[in-house]
Number of protein chains: 2
Amino acid sequence: MDATIPGGSPAVPAAHHDAAPHDVAHPDPRAPGWAVGVDIGGTKVQAALLDPDGRVVGTRRRATRPGPDGLVAAVTTTVRELAAEHGVPVGALAGTGIGVPGVVDPVTGSVEHAVNVGVERPFALAAAVADALGAGARVRVENDLNVAVLGAAHTMASSFAHRDLAFLALGTGVAAGLLLDGTLRRGSHRAAGEVGHLTLVPDGLPCKCGQRGCVEQYASGSALDAAWPSRDGRPAPVAVFEAAAAGDPRAVAVRDRFVWAVAGAVRILVLTCDVDHVVVGGGVSGVGEPLLGAVRVELERETAASPFLASLRLADRVHLAPQDVPVGAVGAALVGRGEIV
Amino acid sequence: MDATIPGGSPAVPAAHHDAAPHDVAHPDPRAPGWAVGVDIGGTKVQAALLDPDGRVVGTRRRATRPGPDGLVAAVTTTVRELAAEHGVPVGALAGTGIGVPGVVDPVTGSVEHAVNVGVERPFALAAAVADALGAGARVRVENDLNVAVLGAAHTMASSFAHRDLAFLALGTGVAAGLLLDGTLRRGSHRAAGEVGHLTLVPDGLPCKCGQRGCVEQYASGSALDAAWPSRDGRPAPVAVFEAAAAGDPRAVAVRDRFVWAVAGAVRILVLTCDVDHVVVGGGVSGVGEPLLGAVRVELERETAASPFLASLRLADRVHLAPQDVPVGAVGAALVGRGEIV
């Protein structure tokens, strides 16, 4: 089966079925072209319109309405709005890509176990969106971390000599997307990058996965929320880093433990996969430079005692995800226009 | 530069230079053919002769004589002996591959930081062996864990639906070779698979790398040697497992901690890279089924509390490296005949 789900319009010539995105030698004649990417998260949906040169020419953001119908409506509305705003007919789009936090079959475009967005049982998201968009729309679906790493590689290309990186998402949970030597590493069972459930502290905090001491219990936004309940409505990560910078000893302890855990996740990714870069994203990355600086200091501290670690230049490999571009949506658009198979 | 280092004979036509192994469309007209692989370890050199169908038709084993001259002599002597024994002229070999425990540049055939075999500074091993063999010999060099994972994939192909595995070597140290979806993952700085230096026990045993509590301090043959000094000359791993099976409580404690650490390394490889298989090799794997069984029991025990871990079927992914075939030498032969670029 093809990664492309044709739209409901009977006007779509059969040839479009055959122009498989797998077939590198015969690329879709419409791609690369204009494309929309939609990144669906637990709380918000972010979208981007890419022009044929891969530049972001428009973005959109709305609240997530969980469940199959809500997702399809959010995606189709967003695609239509972005396309109309920039004078691109929906039928002229090279494709639409969708990033979803769940188990995705990029070949069939089906999604399951996407609990955070209200999809439990297998749902043919690509087909449903293509039907709703009509006009021969081509829709592809990919895991949210995979679109994030693709978007980060695209957006930060000028900083990276090689397309070899992990996107380490620090949000409700902790997990990574892997782009190894330019190729998405989804994993043999689509479980690559699950570093959030490796043990950081033996017999440590219980994790909802059933284990104890998981990385996620120390390096996630949820971990910070739990350790530093918000008092003024500001995000916990920002509040903790500010209070720590102001000298609050409790905040310093919370921040340092968090930073130590993030450094641990970076070390896992580099020593296992030897990715050239680790891009830190997710909600917590909104802290910005203070987070990056603290993680680098922690990595440098650890390498001081170890020539082996020092030789790996861990601190140099860590970067912050761009805060001004929705990298997940950009990556989804790249998937949508068939760059990634 | 080419991964192939031509031999010293002036009779080698220039075309052989150009038949780059990188050029998939124009494979070397002599490959696949007969090939010799030589796997150089800290104590022994193992070699295998592969026939054109990839079958092992002869093996050889000798003690390692450290240092550049010793290595070149061991490799060339072994190649000549194996070739003569099976009536294959050295000049008719498709190639010779060498696995070395150090930092290898597969493009130039140079080796460095191979402390265990007496090579510290960069040494052009492929060129030196090609010169010594003469007759247009083509020699390639690869890291020892990379040849091991290639050899394991080749030897165990009938058990594996996909060429997607890690070779977890438990010897003096602990490290893994990675073959992801059929492609060697050397890493952006040739440091992929260094799971032995991830932290298993915070503030645990000091490691020679400068860190504390590294996986290697608990899951290596050296760790077993230290915890169970040999009393009768038998390898520590075998002695520990036998004593534990006989009910010695100290041996049970040593074995169980070791098995727990090996299971930890398996978990790291699967949750990070999602390899379809983890093949346990290295000296400790000589323990055989009792080791495999114990690691599987430990992995099952851990998954009992975690539906997430259970869904990853960790125990099913673990295998023992074949004990009757020198997989490293087989992998080196595959590299030698240019299957891997």
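Worth knowing before you read on, the calculation uses all heavy atoms, side chains too, and leaves out hydrogens, waters and symmetry mates. Within every chain, numbering begins at 1; the chains are lettered A, B, ... in the order of the sequence lines, protein sequences first and strands thereafter.
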Of the listed residues (A:Ala176, A:Ala305, A:Ala191), which shares the most heavy-atom pairs with chain B below a 4.5 Å separation? A:Ala191
With chain A, the option among B:Arg212, B:Glu302, B:Gln211 that has the most non-hydrogen atom pairs under 4.5 Å is B:Gln211
Treating A:Asp274 as the side-chain partner and B:Ser188 as the backbone partner, does any N or O pair qualify as donor plus acceptor under 3.5 Å? yes
Given heavy-atom pairs under 4.5 angstrom as the criterion, report whether the side chain, backbone, both or neither of B:Arg317 touches chain A. side chain
Among side-chain atoms of B:His189 and A:Arg313, is any donor-acceptor pair under 3.5 angstrom? yes
Which answer fits A:Leu312, side chain, backbone, both or neither, if we ask what part of it has an atom under 4.5 Å from a heavy atom of chain B? side chain
Is it the side chain or the backbone of B:Leu309 that comes within 4.5 Å of chain A heavy atoms, both, or neither? side chain
Supply the atom-to-atom distance B:Lys208 NZ to A:Ser306 OG, rounded to the nearest 0.5 angstrom. 10.5 Å
So, the part of B:His162 with a heavy atom under 4.5 Å from chain A: the answer is neither
B:Arg267 portion near chain A, given a 4.5 angstrom heavy-atom threshold: both
Contact origin within B:Asp164 toward chain A - heavy atom pairs under 4.5 Å: side chain
Between B:Leu178 and chain A, with a heavy-atom cut-off of 4.5 Å, which part of the residue counts as in contact: side chain, backbone, both or neither? side chain
Once rounded to the nearest 0.5 Å, what's the spacing between atom CG of B:Leu180 and atom CG of A:Asp181? 11.0 Å
Exercise: identify the closest heavy-atom pair between A:Cys209 and B:Pro307: O-CD, 3.7 Å
Whatever's closer than 4.5 Å to a heavy atom in chain B on A:Leu198 counts as both
Flag the pair A:Cys273 / B:Thr272 as yes when at least one side-chain heavy-atom distance between them is below 4.5 Å, and no otherwise. yes
